[in-house]
Structures are given as C-alpha cells and as structure tokens.
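Everything below concerns the one structure shown next.
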Amino acid sequence: MIGLRKWQADCLEHAKSHYLLHRDFFAQATPGSGKTRLAAELAKWLLEEQLIDFVICFAPTREVVAGMQRTFSAVLQQRFGNVIASVGAAYTYQAMEYQPEEFWDIFKNFRTLAIFDEIHHCAGHDPLLSNTWGQQIIRHIQDQATYTLGLSGTPWRSDDLPIALARYSDPEGRLICDYRYDLQSAVSDGVCRTPRITLIDNPLIRLVEEKENTESVRGFSCFTQLLSESPVSYEDLLRHDDILNAVLDIGIQQLNAVRITAPQAGGLVVTTDIEHAHQVAEILHAKHQSYVVVTSKTPKAQQVIDRFRHDNTCWIVAVSMISEGTDIQRLCVCCYLSRIRTELHYRQVLGRILRKLGTEDREAWLYVIAEPTLRKYSQRIANDLPEDQSTLQATKINDRLNKSKAEQSNGNTEVAKENKDHIFVAVEENGKSELQFSEHSLLKLSFSQYYRQYLLSLI
C-alpha cells in the first residue's frame with residue numbers, strides 16, 4: 001500500500017501517546033481525507049504491540065462497512081470480517097440492537113479496540129439523552145472496551161445532543177477533539193480536491209396564478225425571493241423538469257470536460273426520494289448519458305455501487321446511498337438535488353467528491369440550487385478554504401437576458417424555439433406550481449475574501 005499521508009502519520013503518533021493514559025481517542029478529519037486508513041494503521045500498531053486481541057468496527061451504512069473490511073484486510077494483512085480466524089469485523093450501527101448478548105461478551109472477555117466511523121450518529125452521555133445507537137455504546141462498550149476510536153468528518157449533530165464517548169469543555173460545551181484535520185489543511189496539503197461550488201439561480205421568474213376568473217402575474221428576481229414571497233417550496237423547485245434540466249445540463253457539461261483528460265471520471269446526483277431519482281434518470285437517459293440508480297429498493301445495491309466504482313458509467317443517481325464514508329474516488333462532479341438542508345448532510349455529500357485520484361486531480365464541482373440555507377452553508381465552507389485557493393468565477397448573463405427580452409417583445413418565435421431551455425413561464429395548475437424560468441445564472445463559488453463579501457450581499 002502507499003505510504004501514510006502526513007496528517008495520518010501525525011494523528012497516529014498522537015493516538016499512541018494518548019492511549020498511554022486514556023482509553024478514548026476522538027479524531028475529526030474532513031471527509032475524503034482518509035480516516036479509515038488511519039484507523040486501520042492504529043489497529044495494526046495496537047495488535048503488533050500486543051495491546052489488544054480484537055478490533056470491532058461500527059459504521060452508518062453497509063457500503064461503508066464493506067469499505068472498512070477491505071481497508072483493514074489490506075493493512076492488517078489478516079482476515080477481517082465474519083469469517084473463521086478473523087482478527088476483527090465491522091458492523092452497521094443498525095445491527096447493534098440485534099446482536100445477541102454473547103456478542104457483547106467480547107468486550108468483557110478480551111482486549112478490544114472499538115472503532116466508530118462517523119460517530120456523530122451516536123448521541124448519548126446518559127440513557128435519557130441518547131439515541132438507540134448511543135444507548136448500545138453506553139451499555140455495552142463505554143466501560144468495557146480496552147480502547148475506543150471515534151471518527152467524524154462533521155463532528156456535530158443537527159439536534160445538538162452530545163456525541164457518545166466525546167468530551168466537551170465546561171462551561172462552553174465545545175467538543176474536544178484529540179486530533180483535528182480540517183478542510184483548509186487538506187486542500188493546502190493536496191490531500192483533497194478544491195471544491196468549486198456553483199449556486200444556480202434565476203434572475204427573471206414569473207409566477208402566474210389563476211383564481212376563478214382572475215389571473216395574477218408576479219415577477220421574482222431570484223429563488224430566494226420566490227421562496228420567501230410565494231407559496232412555492234424548495235421541493236417544488238427540485239421536482240420541476242425545467243430546473244432539473246438546467247442543473248443536469250451544467251453538471252453534464254462539466255463532467256464531459258473532465259472526462260477529456262480523465263475518462264474514468266464520474267458524477268453523482270443526490271436526489272430526494274425514489275420517485276425523484278427515477279425522474280432524474282429519465283432526464284439523463286434523454287440526454288444520452290450512461291447512469292445507474294441506487295436506492296433503498298435497489299436489489300443488491302452494494303454490488304451496483306461497487307460496479308460503478310470500477311466501471312466507466314458517467315452518473316450514479318442515489319437517494320441516501322452515496323453519502324458519508326462511501327469511497328468512490330472517480331466521483332468529481334455532484335448535482336445536489338436533495339430536500340435535506342442540514343449542514344452535516346451538505347458537507348458529507350461534498351466529501352464524496354473531494355477524494356483525489358492523483359497529484360494532478362485538483363478540483364471537484366458541486367452544483368446546487370441557490371436556496372438561502374444552502375447559500376449559507378456554502379459560505380461557511382468558504383471560510384474553511386485557504387486564501388491561495390480562492391478565485392471568483394462568475395458567468396455574466398445580462399446581455400443574453402436583454403437579448404432574450406427583446407426577441408420575445410418582437411415576437412421572434414424562431415429564436416424562442418432555439419432557446420426553449422432558457423425561456424420559461426411559471427403557471428399554477430390544479431393547485432401545483434410548475435415553475436419556469438427565463439434564464440439560469442451561475443455563481444461559481446471559489447471562496448476568495450471578495451467572494452464571501454459578495455455572497456453575503458446576496459443572502
């Protein structure tokens with residue numbers, strides 16, 4: 001295997017020293033930086049020093065569990081998994097509550113290292129303020145395991161409950177990380193790609209509302225205004241074919257450009273639900289793009305994901321299946337079309353496209369509708385990036401807009417036909433808004449100081 005990255009080697013040394021006095025170690029490293037490799041190397045050292053007998057890992061999804069088993073088998077050069085003579089195994093958090101009592105005896109009867117990937121999923125310092133997974137840790141592992149290793153790329157919870165096994169400062173209540181490796185460091189070190197986030201907005205929106213015998217027309221200059229001053233919801237935008245076409249066209253254009261020099265490059269579309277995923281798939285099919293769809297209902301979903309990891313298919317369309325911890329290095333473009341608007345989920349999805357394939361693989365592209373909350377998260381990501389990686393890129397569209405307006409006023413139907421992907425009207429029919437837009441604008445966020453000020457002025 002390739003050598004350790006500098007941050008992994010540094011963290012490993014910190015953990016070795018820490019375990020001389022403490023049993024619990026908490027490491028936060030930005031998504032895509034290589035937490036699983038770090039964990040495997042630490043387990044290898046503990047086994048070689050004969051400080052532990054077994055390694056037991058837990059992770060949020062079966063796909064992540066499979067990835068951990070592959071990495072640990074390679075690093076430890078031993079059997080790892082539910083097979084005879086294994087030095088350890090990995091399980092999902094969901095499987096915790098279905099384990100028999102004798103499973104937990106391993107923590108009582110043997111020296112064990114318990115590893116928790118994306119441990120922010122496990123809430124709990126006491127049984128009253130814990131979720132199911134946190135309760136299992138408190139009951140069976142907290143005071144039983146010889147050592148524990150908590151890993152997280154986004155070390156907080158949306159409900160602000162404390163994370164299991166974590167320590168917090170008093171009285172501030174800030175999470176104490178024994179080692180922290182942030183996105184700024186990962187980009188500066190060349191460990192992760194630089195994210196190029198594009199917020200897709202529209203400067204000329206019309207909403208036509210028909211009520212009985214009356215018709216009202218309202219204009220909006222951006223999605224923020226539309227969402228705040230009309231009954232239209234963010235999810236309405238996500239399901240509208242014209243918006244989906246606009247977002248996917250931009251993503252396809254970028255992926256095609258990348259594949260000129262990196263033919264194996266792939267794209268991810270994060271969708272809202274199964275119906276939405278198939279809506280996106282139909283659009284990709286119409287655009288002659290190769291794709292696979294992976295949802296909770298997909299037969300042998302893990303095998304589908306693994307095939308995509310190694311083949312040349314352009315796109316994978318997923319509903320909560322390619323989120324945190326999933327390692328598909330060839331992913332470098334993402335269209336974020338999920339209704340989930342938590343910072344934790346947004347950053348975890350971004351992490352899916354930050355893993356690098358080589359030294360020249362430097363950038364990743366995330367495309368998202370310019371909704372206010374997602375704007376805010378994008379700006380916070382800006383604060384995490386080094387200044388020398390920051391550039392402002394913007395697509396100027398005023399000339400095209402003015403030309404389009406003039407052509408519509410002059411009744412130039414031929415031009416209107418040619419530009420049908422950019423000239424839309426918003427109509428409310430049968431109580432459901434079908435939003436359409438005159439032109440999409442691009443704000444390519446690359447996070448310079450100037451850009452942050454500019455972004456703040458838009459919120």
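Starting from 1, each residue takes its place in the sequence as its number. All values below come from the heavy atoms of this structure, side chains included, with hydrogens, waters and symmetry mates left out.
- Identified under the salt bridge (Lys or Arg N to Asp or Glu O under 4.0 Å) test for residues 7-23, with sequence neighbours left out: Lys6-Asp10, Glu13-Lys16.
- With rounding to the nearest 0.5 angstrom, the CZ atom of Arg259 is 9.0 Å from the SG atom of Cys332.
- Within the 4.5 Å cutoff, side-chain heavy atoms of Leu248 are placed close to those of Val280.
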- Query: Is there a side chain to side chain contact (heavy atoms under 4.5 Å, CB included) between Cys335 and Trp315 once you walk through the steps?
  - Reply: CA-CA 10 Å; Cys335 297; Trp315 294 93; 4.3 Å; yes
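- Judged purely by atom type and a 3.5 angstrom limit, Asp201 uses its side chain to pair as donor or acceptor with the backbone of Phe223.
- Looking at Gln329, its side chain never comes within 3.5 Å of a backbone N or O of Arg355 through a donor-acceptor pair.
- Evaluation of the ring-ring contact (aromatic ring centres under 6.0 Å, His included) test over residues 46-65, restricted to residues two or more places apart or in two chains, returns Phe54-Phe110, Phe58-Phe116.
- In terms of heavy atoms, Thr112 sits closest to Ala145 at OG1-CA, 3.6 Å.
- Formation of a donor-acceptor pair under 3.5 Å by the Thr298 side chain with backbone atoms of Thr295 is found in this model.
- Side-chain contact between Cys57 and Asp117 is absent, with no heavy atoms from C-beta onward closer than 4.5 Å.
- Checked by atom type and distance alone, the side chain of Asp311 pairs as donor or acceptor with a backbone atom of Thr313 at under 3.5 Å.
- Across every non-hydrogen atom of Ala370 and Leu199, the tightest pair is CB-CB, 4.0 Å.
- Relative orientation of the Tyr91 and Phe103 rings is perpendicular, given thresholds of 30° and 60° on the angle between their planes.
- For the atom pair SG of Cys314 and CZ of Arg330, the computed distance is 8.0 Å after rounding to the nearest 0.5 Å.
- Looking at Gln28, its side chain never comes within 3.5 Å of a backbone N or O of Tyr179 through a donor-acceptor pair.
- In this structure, the separation between OG on Ser185 and CZ on Arg180 is 10.5 Å, given to the nearest 0.5 Å.
- In this structure, Arg341 fails the cation-pi test against Tyr336, since its NZ or CZ atom is not both closer than 6.0 Å to the six-membered ring centre and inside 45 degrees of the ring normal.
- Counting all heavy atoms, side chain and backbone alike, Cys11 lies closest to Ala27 at SG-CB, 4.2 Å.
- A donor-acceptor contact closer than 3.5 angstrom is absent between the side chains of Glu63 and Thr61.
- In this structure, the side chains of Arg362 and Arg193 stay at 4.5 Å or more apart for every pair of heavy atoms.
- Within a 6.0 Å radius of NE2 in His310, more than 12 heavy atoms belonging to other residues, nucleotides or ligands are found.
- In terms of modelled atom types and a separation under 3.5 Å, the side chain of Arg62 and the main chain of Gln302 share no donor-acceptor contact.
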- Is there a side chain to side chain contact (heavy atoms under 4.5 Å, CB included) between Arg347 and Arg380 once you walk through the steps? CA-CA 10 Å; Arg347 283 180 177 260; Arg380 289 181 182 173; 3.8 Å; yes
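- Here salt bridge (Lys or Arg N to Asp or Glu O under 4.0 Å) pairs that include residues 99-112, with residues two or more places apart or in two chains, are Asp53-Arg111, Glu101-Arg139.
- Counting only distance, with no hydrogens or angles, the side chain of Glu49 and the backbone of Leu51 share no donor-acceptor pair below 3.5 Å.
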- Task: Given side chain to side chain contact (heavy atoms under 4.5 Å, CB included), test Leu151 with Glu118 step by step and report yes or no.
- Result: CA-CA 5 Å; Leu151 301 169; Glu118 307 300 355; over 6 Å; no
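- Thr261 contributes a side-chain N or O that, together with a main-chain N or O of Val258, makes up a donor-acceptor pair within less than 3.5 Å.
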- Any chance you could lay out the side chain to side chain contact (heavy atoms under 4.5 Å, CB included) test for Trp7 and Thr30, step after step, and finish with the verdict? CA-CA 11 Å; Trp7 85 264; Thr30 192; over 6 Å; no
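- With respect to the salt-bridge test (charged N to carboxylate O, under 4.0 angstrom), the residues Lys376 and Glu343 do not qualify.
- For Trp133 and Tyr93, the gap between ring centers is short of 6.0 Å.
- Counting heavy atoms from C-beta outward, Phe308 and Leu331 have side chains that approach closer than 4.5 Å.
- Although no hydrogens or angles enter the test, the distance criterion places a donor-acceptor pair under 3.5 Å between the side chain of Ser233 and the main chain of Asp236.
- Counting non-hydrogen atoms of other residues, nucleotides and ligands closer than 6.0 Å to CZ of Arg5 gives a total above 12.
- Gln77 meets the side-chain contact (heavy atoms from CB on, under 4.5 Å) test with no other residue; sequence neighbours excluded.
- The CD atom of Glu371 sits 13.5 Å away from atom CD1 of Ile200, with the distance rounded to the nearest 0.5 Å.
- Put simply, the side chain of Val304 does not reach to within 4.5 Å of the side chain of Arg309, judged on heavy atoms.
- Judged by distance alone, with hydrogens and angles left aside, the side-chain atoms of Lys356 form a donor-acceptor pair with the main-chain N or O of Gly190 at under 3.5 Å.
- With salt bridges taken as basic N to acidic carboxylate O contacts below 4.0 Å, one links Arg239 and Glu235.
- Checked against the 6.0 Å centroid criterion, the rings of His18 and His22 qualify as a close aromatic pair.
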Throw together a table of side-chain donor-acceptor distances under 3.5 angstrom for residues 264-272, partners on residues two or more places apart or in other chains.
from   : atom 1 : to     : atom 2 : distance (Å)
Thr271 : OG1    : Ala318 : O      : 2.9
Thr272 : OG1    : Leu337 : O      : 3.1
Thr272 : OG1    : Arg339 : N      : 3.1

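- Salt bridge annotation for Lys300-Asp306: absent, with no cationic side-chain nitrogen under 4.0 angstrom from a carboxylate oxygen.
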- Message: Show, in sequence, the C-alpha distance, side-chain angles and deciding distance for Asp241 and Gln279, and conclude whether the side chain to side chain donor-acceptor pair (under 3.5 Å) test is met.
- Response: CA-CA 8 Å; Asp241 280 340; Gln279 181 185 5; 2.8 Å; yes
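- Here CD1 of Ile252 is found 10.5 Å from NE2 of His288. Values are rounded to the nearest 0.5 Å.
- Inspection of the Ser378 and Tyr346 side chains reveals an N or O donor paired with an N or O acceptor under 3.5 Å.
- Annotation: the span from Ile340 atom CD1 to Gln348 atom CD amounts to 11.5 Å, rounded to 0.5 Å.
- Heavy-atom neighbours of Gln253 CD from other residues, nucleotides or ligands within 6.0 Å: at or below the threshold of 12.
- Partners of Asp178 according to the salt bridge (charged side-chain N to carboxylate O under 4.0 Å, His left out) rule, which considers only residues two or more places apart in sequence or in another chain, are Arg167.
- Counting heavy atoms from C-beta on, the side chains of Pro372 and Leu227 come closer than 4.5 Å.
- Residue Pro31 comes nearest to Gly351 through the heavy atom pair CB-CA, 3.5 Å, listed as atom of the first residue, atom of the second, then distance.
- Between Leu226 and Leu237, some side-chain heavy-atom pair lies under the 4.5 Å cut-off.
- Nearest heavy-atom pair, Ala15 versus Phe25, reported as atom, atom and distance to 0.1 Å: CA-CE1, 3.7 Å.
- The closest side-chain heavy-atom distance from Ile316 to Val294 is below 4.5 Å.
- Between Val349 and Cys334 the shortest heavy-atom distance is CG1-SG, 3.7 Å.
- There is no side-chain donor-acceptor pair under 3.5 Å between Tyr147 and Asp24.
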